[in-house]
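Following: one structure in structure tokens, then a few remarks.
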Amino acid sequence: TTLPPSPDAYYQEAGRAGRDGLPADALLLYTPSDRGLQEWLIDQDMPDVNALRRLFGIVMQSGGVLNLGEVARSFGGETTLRVGLQVLAQAGMIEVGERAGTEQAVTPAVERFEHQHIGALERALASQRSRRMAQLEEMVAYAESVECRRAALLGYFGDPAAKPGGTPECCDICARPDARAAGEVARLQRARKLLQPKPLTKMRRPVHDALVEHGSVPAAARALAIL
């Protein structure tokens with residue numbers, strides 16, 4: 001699998017390999033640029049205030065039960081819908097009850113959507129994004145770790161059995177005693193490469209000059225659009 005957005009998602013994906021009861025290996029393919037893609041996906045899944053206003057209207061008309069499949073098709077997908085319901089609940093606008101299959105029990109906690117709710121929704125959105133970014137940080141730390149993978153993953157979930165396996169069958173780190181040192185060297189080399197100034201190409205020079213002259217990305221973007 002490629003880099004998932006959280007250890008929780010990776011645990012589920014890796015667990016599918018052994019569902020038939022036979023020996024299996026889970027292979028995580030990772031490169032540092034994967035983080036940028038996941039950050040973009042997180043932002044794409046976050047509904048804005050107008051979408052939340054529309055979702056609250058759907059809840060008001062639902063009669064207390066949402067068909068998640070039907071609503072998701074018109075609301076940007078299942079993840080965006082799930083985040084939207086969590087944000088509305090965190091802002092105190094709805095109460096989310098039990099889920100049975102594709103049906104989700106929901107109850108409005110306020111009579112109508114008012115302007116005073118926008119601040120609470122924005123704070124809830126920021127909290128949800130911060131939580132998902134923290135989960136991504138945990139996943140990146142796991143991928144770049146030079147410690148036992150099994151111990152790291154079990155430790156994330158608070159499993160008391162979170163101890164290094166120490167055998168070749170455990171993980172790539174335990175299989176190669178030199179992997180820890182090799183991982184540290186690779187990390188330092190990557191850090192040095194990132195810190196090295198890159199030469200400005202013909203395409204990047206106007207962007208650089210606009211940023212220096214105007215002092216901010218929005219101002220530079222406007223200047224470049226005019227040019």
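Just so you know, these numbers come straight off a predicted model, no measurement behind them. All values below were derived from every heavy atom in this structure, side-chain atoms included, with hydrogens, water molecules and symmetry-related copies excluded.
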Tell me, with the steps shown, if Gln38 and Arg35 meet side-chain hydrogen bond (donor to acceptor under 3.5 Å, both in side chains). CA-CA 5 Å; Gln38 286 297 335; Arg35 174 177 178 164; over 6 Å; no

Rounded at 0.5 Å granularity, tell me how far [atom1] in [X] sits from [atom2] in [Y].
X: Leu125; Y: Ile118; atom1: CG; atom2: CD1; value: 11.5 Å
X: Arg82; Y: Gln104; atom1: CZ; atom2: CD; value: 11.0 Å
X: Asn67; Y: Arg73; atom1: CG; atom2: CZ; value: 7.0 Å
X: Leu66; Y: Gln61; atom1: CG; atom2: CD; value: 11.0 Å
X: Glu137; Y: Glu39; atom1: CD; atom2: CD; value: 7.5 Å
X: Met46; Y: Ile42; atom1: CE; atom2: CD1; value: 9.0 Å

Surrounding [atom1] of [X] (heavy atoms of other residues, nucleotides or ligands, distance under 6.0 Å), is the total greater than 12?
X: Asp25; atom1: CG; result: no
X: Gln116; atom1: CD; result: yes
X: Gln86; atom1: CD; result: yes

Side chain of [X], backbone of [Y]: donor and acceptor closer than 3.5 Å?
X: Ser62; Y: Val59; answer: yes
X: Ser74; Y: Val71; answer: yes
X: Gln135; Y: Pro7; answer: no
X: Ser6; Y: Ala9; answer: yes
X: Arg149; Y: Tyr142; answer: yes

What verdict does the side-chain contact (heavy atoms from CB on, under 4.5 Å) test give for Glu13 and Asp8, after you've listed the backbone C-alpha separation in whole Å, the side-chain angles of each residue and the deciding distance to 0.1 Å? CA-CA 9 Å; Glu13 293 178 20; Asp8 310 68; over 6 Å; no

Tell me the closest heavy-atom pair linking [X] and [Y], and the distance in Å.
X: Ala109; Y: Gly92; result: CB-O, 3.4 Å
X: Leu3; Y: Ala143; result: CD1-CB, 4.2 Å
X: Gly15; Y: Arg19; result: O-CG, 3.6 Å
X: Ala51; Y: Phe75; result: O-CE1, 3.2 Å
X: Gln90; Y: Ser127; result: NE2-OG, 3.1 Å
X: Val83; Y: Pro47; result: CG1-CD, 3.8 Å

Going by heavy atoms in the side chains, are [X] and [Y] under 4.5 Å from each other?
X: Val65; Y: Val106; answer: no
X: Glu147; Y: Pro164; answer: no
X: Leu52; Y: Val87; answer: yes
X: Thr2; Y: Tyr30; answer: no
X: Cys148; Y: Cys171; answer: yes
X: His117; Y: Val49; answer: no
X: Met93; Y: Leu121; answer: yes

Carefully, step by step, assess Arg112 and Glu114 under the rule side-chain contact (heavy atoms from CB on, under 4.5 Å). CA-CA 6 Å; Arg112 62 180 64 86; Glu114 297 182 353; 3.4 Å; yes

Glu103 bridged to Arg99 by N-O distance under 4.0 Å: no

Taking NZ, NE, NH1 and NH2 as the nitrogens, is one of them in Asp43 or Arg129 under 4.0 Å from a carboxylate oxygen of the other? yes

Is there a path of hydrophobic side-chain contacts, each under 4.5 Å between heavy atoms of I/L/V/M/F/W/Y residues, joining [Y] to [X]?
X: Phe157; Y: Leu28; result: yes
X: Tyr156; Y: Leu154; result: no
X: Phe56; Y: Leu81; result: yes

